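Here the structure comes first, spelled out in C-alpha cells, and everything after it is commentary.
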Amino acid sequence: MAIPAHYNAKEVEDKWYDYWMKNNYFHSEVDEREPYTIVIPPPNVTGVLHMGHMLNNTIQDVLVRRARLKGLNACWVPGTDHASIATEAKVVAKLKAEGIEKNDLSREEFLQHAWDWTHKHGGIILQQLKKLGASCDWERTKFTMDEDMSSSVIKVFVDLYEKGLIYRGYRMVNWDPQAKTTLSDEEVNYEERNGKLYYLKYKVDGTNDYLTIATTRPETILGDTAICINPNDERFAHLKGKKAIVPICNRTIPIIEDDYVDMEFGTGCLKVTPAHDENDKNLGDKHNLEVIDIFNDDATLNHYGLHYEGKDRFVVRAEIVEELELSGFLDKVEEYVNKVGTSERTGAVIEPKLSDQWFLKMKEMAQPALDAVIGHDINLVPEKFINTYRHWMENVRDWNISRQLLWGHQIPAYFYGTGKNDFVVAETAGEALEKARKVTRNSDLKASDLTQDKDALDTWFSSWLWPMSVFNGILEPENEEIKYYYPTNDLVTAPEILFFWVARMIMAGYEYRGERPFKNVYLTGIVRDKQRRKMSKSLGNSPDPLALIDQYGADGVRVGMLLSSPAGNDLMFDEDLCKQGSGFSNKIWNAFRLVQGWDISEDIEQPETAKMAIDWYRSKFQKTIREIEDHYSKYRISDALMSTYKLIWDDYCSWFLEMVKPAYGEPMDSKTYQEIISILEDNLKILHPFMPFVTEEIWQEITDRTPEEALIVAKWPEERNFDETIIKEFSHAAEVIAGVRKIRKDKNISFKNEIDLSVLNNENTSKTFDTVISKMGNISQFEYVNGSVDGALSFRVRSNEYFIPVAGAVDVEAEKKKIKEELAYTEGFLKSVEKKLSNERFVNNAPEKVVAIEKSKKADAEARIEALKASLKNLN
RNA sequence: GGGUGAUUAGCUCAGUUGGUUCAGAGCACUACCUUGACAGGGUAGGGGUCACUGGUUCGAAUCCAGUAUCACUCACCA
C-alpha cells in the first residue's frame, strides 16, 4: 500500500473526531480514579469562534488530553453563557430591522424572540470547537439559562439577600443609554478623548457680578443645584452666603462651601449637578441639595431641558454652547483631554445616573478570596497578576448586579405595594406570596397583587457559580458529582476577565463550598496581529479560525498557536507559525512512512549501530520527558511543545532514524524494528496532547487496534532510569560526525564517497559510538593512531584530534591558520581562567565547586593547547 | 496621577537562588547539497556592548539606584 508523501489533515481529522465521539472517550463519570477537571470559560451562546477562543481552548485541550493519558479521570465541561447585554442587543437590533420595537412587545413575547435567536445561533461555537479537536464531555454541555442553572442563580440570590449581603439602593450607577441598562463598574472602559473645557458665567444674585465656572459638560447646567467654592479661597470670600442664577433656565441656586473643591483647577468655582456626577451627588447629600435629573433613559433631555427637550445630549451640548455665547454667558473655551467612560458592550458614553438598583456587598466575600490567592491556595499563572488581583480585592466596591434587561435571570423580588421597600425576596412566586402575606399581615393578598421586579441579573451573577452549578453543586450540595469533580484543577482564561469572572468565582466558591473552585488559573494573553494590534472584527485583522484549520489542519493551527504563547504574554499571531505546525505534522507523517516502508527480515542479526541508537534514544527520550514534565508543571506549554518538537525532529528523525536506517533496498532485522515501533509509539503519546489527529492516525496505521487501544486513551510513557553517560558519549560522537561533514563540505567530498578517519585519542574517549560515526560519516576505515597523520585534514573535538587523509588536497597554510586561530582563542580562554585562579579573593570567596570547575577548565584548556601545538609542529 | 511588569539576534521569546568562553532557542536570513521518508528536506554559516548611566562584588544579562521607552492595571479633579 502506497502512503502519500504529503500528510492530508483534512481527510483525517473528521474521521478521528467521529471515532472518539462514537467511542465516548470524552465522557467522564464518577469513578475510583483521581479526577482532573476543567470547566470551560463559557463563550457567548450566539458568538462565533475567534482567535482568542482558539488559543484558550487549545491550551485546555492539551491539559485535558495529557491528563487523560496519564490515567486521570479527565472531565472538561463545555457550555455557553447567555450574555445578557450582548444577546439582548443583537435581538433588539434584529427586531428593529424587521420593524419591531422592543417596547411594543410584552416580556413574554420578547423572551420568545430571544429564545428563538438563541436556538438558531446558539451552540455554533461549540460545533466549531470540535473542529479544533476539543475533547469536551459534550454530554455535560451546559447553558447558563438552563433550568437547573437558573434555579441555582435564584437560590443564591435569595440566600445572599437573607444573609444581608444583597441590598437595594438608590445610587449613582453607570447608565448605558444605548442598551438602556446599568453596568457594573467593571463594565465601563475609560478612554481618553479630546474635548473642550467651557468657561461659563453665572450671574451672582442681587449684584451685577458674575462668577465663572469651568465644565466639560455645559448641557448639564440645566441640572445644576448649587455652585461650590472652597471655604479657604479668598478670591471668592465675597460670594459666601450668596446665590447664583443659572443661565438659560434662570434658576436661583445657592453658593455653598466645601474643601472638596480644588482651588487650582479651572476657576476655583464648581457647578454642582447631583443627578449627573458621582462627586456632585456626594456634595449634594452633604449639603442637602435638590436633585434635578435632566435626562431620559436614552440620554435625550427631558422637560428640565426646556426648549432642548427630546434632543440628544451631544446635540444639546453644541447648541447650548451657541446659545450661551450669543447671550454672553460663555467666557472662553479651551481644548481639554479628559477620560470618558464608555460601555464595554455597546461603546456608548456612560451617563452617571441615580436609580434604584440591587447591590451585592463585596467586602466580606472578598477577604477569603484574597487570602486564597495571596497564600497560594490558588495559583495565578503567571504570578505577576497577583499584585493586580490584590489591589482590586483590597479596593473592591459593591457590585451592581441588576440590569434593566429582559434576557437573563429575573430578579426574584416581588413588590406588594408601591413603596420602595414594599417587597419580599423568594425563590418562587408562591413562596413570595406567603412571605408577603406574613409581612403585610394580610392573608387576603393574592398572587396577582404581587409584581416581580422587572430587572434581570448581571450575566456574571450566573457565571460566577459555573464551577459549582455545572455539577449541580448549588441545588444539591451533597451530590456525588460535585464532591468528586470539585474543586476543579485548572482554569484557562484571559486576564481581561480576572475580576469579572475569576475573582467572583473564587468568592462564590468559598461562600458556597468553603473551598477554592480551582487550583490553578492559567491566564492567556491577548491574540494580536504582527503589528501588535488587538485582533478585532472592526479592524478586519483577525483570520477566520475555521479557514486556518482548513488550510493547515487543526494540528497545525494548534501547534502554530502554542509555539509562541507563554502564559500571560500577548500572542503575536503569525500565520507562518501554523505553516510550521503543519510542516511538523508532515515531518512526523514522513518519519512514519519511512519506518512503515522497511522490509523486515527474521534472518539477520541486529547491527551494533542499531543497538547503540536504541539505547541512546531511550535515554534521550527519558531525559526529555523529564524536561517536558518540568515545563508542564510550570504551565510553560510552549516550552513543553518546543522540547517535544526538538526531540522528534532532531533526535528522532535526524539522528535516530538515520542511525537505524538499513542500506538502500536492504531489509531490517525484526528486533530493531520492534524497538523502533515501540519508540514511535512513545513519541506519539507525548505528541498527542498537541497534535491529537495526526498522532491517532499514525497510531492506528501502525497496526489494527481495538477501541480500548486507541491512542487517546493510551498510557503515558513511564519514567525510567536512564543512562546519562550514553547521552554524553553520543553528543561527542555527534560532534565528530559534524566535523567530518564540515570537511566533506569544505572539500566538496560527496557523502556518497567513502573516506578514512583516524583519531588521536587524547581524551581516552569511549569507543561506544565508533560504528555510528563510521556509518553516519560514511567512513570506510576508522583507526586509532599514536601520532599526527601526514597529509591529512584535521579537526578537533575537545582534545582529540581527527584526521582525514585527502590526496593532494591539503592546504597547509590554511590548516595552519585555522589551528593558530583556535590556539589563540584557547590561550585567551586559558589566560582568563588563570587570571581568575590567581586572584586570591576569588579563590577564597567563591564556593569550592566553582573553583573546582575553573581548575578543570584550566586543565582542559592546557591539554587542548598541547594538542594544537603538536598539530602545528607537525605541519611545519 | 498611583501601582505593576517589561526592555536580550531581523522577529517571537528562554536565561532557574550572581559563577563554565554564557550570551541561547525556534523562525527568518546566507551558501552549498539533495532522484532512495520528507524541497513543508539536509549540511554548514552570519547575526546581539543583554535599553541607558552609575553602584555593590573576586565576578553582573542576573542584585541595587536613577534615566528613557513600552505595556498592563487602578483612580471622582470639574
Side-chain angles (χ1 to χ4, degrees), chain A residues 3 5-7 172 190 197 213-217 220 228 260-262 264-267 269-273 277-282 336 338-339 352 382 384-392 395 495-496 498-499 526 530 532 556 563-566 568-572 574 576-577 579-598 630 634 636 638-639 642-643 645-646 653-654 657-658 661 663-665 738 741-742 744-746 748 750-751 825-826 828-830 832-833 835-836 839-847 849-851 853-854 856-857 860-861:
Chain A
I3 301 181
H6 290 245
Y7 172 65
M172 186 66 74
Y190 288 89
L197 191 58
I213 57 94
T215 181
T216 52
R217 303 199 56 193
T220 62
C228 190
Y260 162 76
V261 176
D262 181 349
E264 306 296 317
F265 189 87
T267 62
C269 291
L270 173 71
K271 75 193 235 356
V272 185
T273 320
D277 184 283
E278 182 153 14
N279 298 305
D280 289 13
K281 168 69 167 49
N282 296 338
Y336 188 70
N338 66 337
K339 297 254 179 142
K384 69 177 175 186
F385 287 106
I386 294 176
N387 283 322
T388 323
Y389 179 87
R390 171 168 50 203
H391 188 264
W392 190 75
N395 297 286
E496 299 165 301
L498 186 56
F499 307 129
I526 295 166
K530 271 171 148 178
R532 289 192 175 268
L563 274 173
S564 127
S565 50
N569 277 15
D570 288 356
L571 169 74
M572 256 46 77
D574 183 346
D576 283 352
L577 291 171
K579 207 172 152 196
Q580 197 184 339
S582 69
F584 190 35
S585 298
N586 196 56
K587 182 77 181 175
I588 297 164
W589 178 248
N590 274 289
F592 166 64
R593 239 182 108 216
L594 173 68
V595 171
Q596 207 270 347
W598 284 324
D630 183 54
K634 293 168 182 154
R636 300 170 70 142
S638 47
D639 288 342
M642 189 44 74
S643 295
Y645 180 92
K646 285 199 266 193
C653 295
S654 299
L657 289 180
E658 293 299 332
K661 199 189 242 177
Y664 183 62
R741 283 172 176 165
K742 191 164 185 300
R744 281 181 177 278
K745 187 170 134 56
D746 289 348
N748 252 322
S750 162
F751 282 87
Y825 173 88
T826 314
F829 172 58
L830 178 63
S832 84
V833 174
K835 194 176 154 198
K836 226 182 222 183
N839 182 339
E840 270 179 50
R841 282 186 291 183
F842 170 74
V843 179
N844 295 337
N845 295 331
K849 208 174 90 189
V850 176
V851 178
I853 288 169
E854 290 300 313
S856 87
K857 263 156 58 178
D860 287 352

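Lettering follows sequence order; numbering is per chain, from 1. All values reported here derive from a predicted model rather than from experimental measurement.
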Base, sugar-phosphate alone, or nothing: which one does [X] contact when heavy atoms must sit under 4.0 Å apart?
X	answer
A:V261	base
A:K271	nothing
A:C228	nothing
A:Y389	nothing
A:E278	nothing
A:R636	sugar-phosphate
A:K646	sugar-phosphate

Under 4.0 Å: is that the gap between some side-chain N or O of [X] and OP1 or OP2 of [N]?
X	N	value
A:R741	B:C32	no
A:K836	B:C58	no
A:Y190	B:C74	no
A:Y260	B:A78	no

Measuring from the side chain of [X] (C-beta onward, heavy atoms only), which nucleotide among [options] has the closest atom?
X	options	result
A:M642	B:A37, B:A25, B:G36	B:A25
A:F499	B:A44, B:U73, B:A78	B:U73
A:K339	B:C77, B:A75, B:U43	B:A75
A:E854	B:A78, B:U21, B:C58	B:U21
A:N279	B:A78, B:C76, B:U73	B:C76
A:R841	B:C38, B:U73, B:C58	B:C58

[N] to [M] separation - [atom1] atoms, rounded to the nearest Å:
N	M	atom1	answer
B:C32	B:U53	P	41 Å
B:G18	B:C50	C1'	15 Å
B:U16	B:A51	P	14 Å
B:G3	B:U12	P	29 Å
B:C13	B:C76	P	33 Å
B:U49	B:A31	P	24 Å
B:A71	B:C63	C1'	24 Å
B:A61	B:U20	P	10 Å

For the pair made of [atom1] in [X] and [atom2] in [N], what is the distance, rounded to whole Å?
X	N	atom1	atom2	result
A:Q580	B:A25	CD	C1'	11 Å
A:F385	B:A6	CZ	C1'	12 Å
A:D639	B:G24	CG	C1'	13 Å
A:N387	B:A6	CG	C1'	14 Å
A:L571	B:A71	CG	P	18 Å
A:R390	B:U4	CZ	P	10 Å
A:L563	B:A28	CG	P	11 Å
A:K857	B:G59	NZ	P	16 Å

Heavy-atom donor-acceptor pair, A:K587 side-chain to B:C38 base, under 3.5 Å: yes
Quiz item: A:E658 side-chain donor-acceptor pair to B:A37 base, under 3.5 Å: yes
Minimum heavy-atom distance between A:A861 and A:T826, given as atom pair plus value: O-CG2, 3.9 Å
Closest contact, heavy atoms only, A:L197 versus A:T216: CD1-CG2, 3.8 Å
Between A:R390 and A:N387: side-chain donor-acceptor atoms closer than 3.5 Å: yes
Under 3.5 Å donor-acceptor, A:N590 side chain and A:H6 backbone: no
Paired nucleotide for [N] [Watson-Crick or G-U wobble; both distances under 3.5 Å]:
N	value
B:A31	B:U43
B:U67	B:A51
B:A75	none
B:U17	none

Charged N-O contact under 4.0 Å between A:D277 and A:K281: no
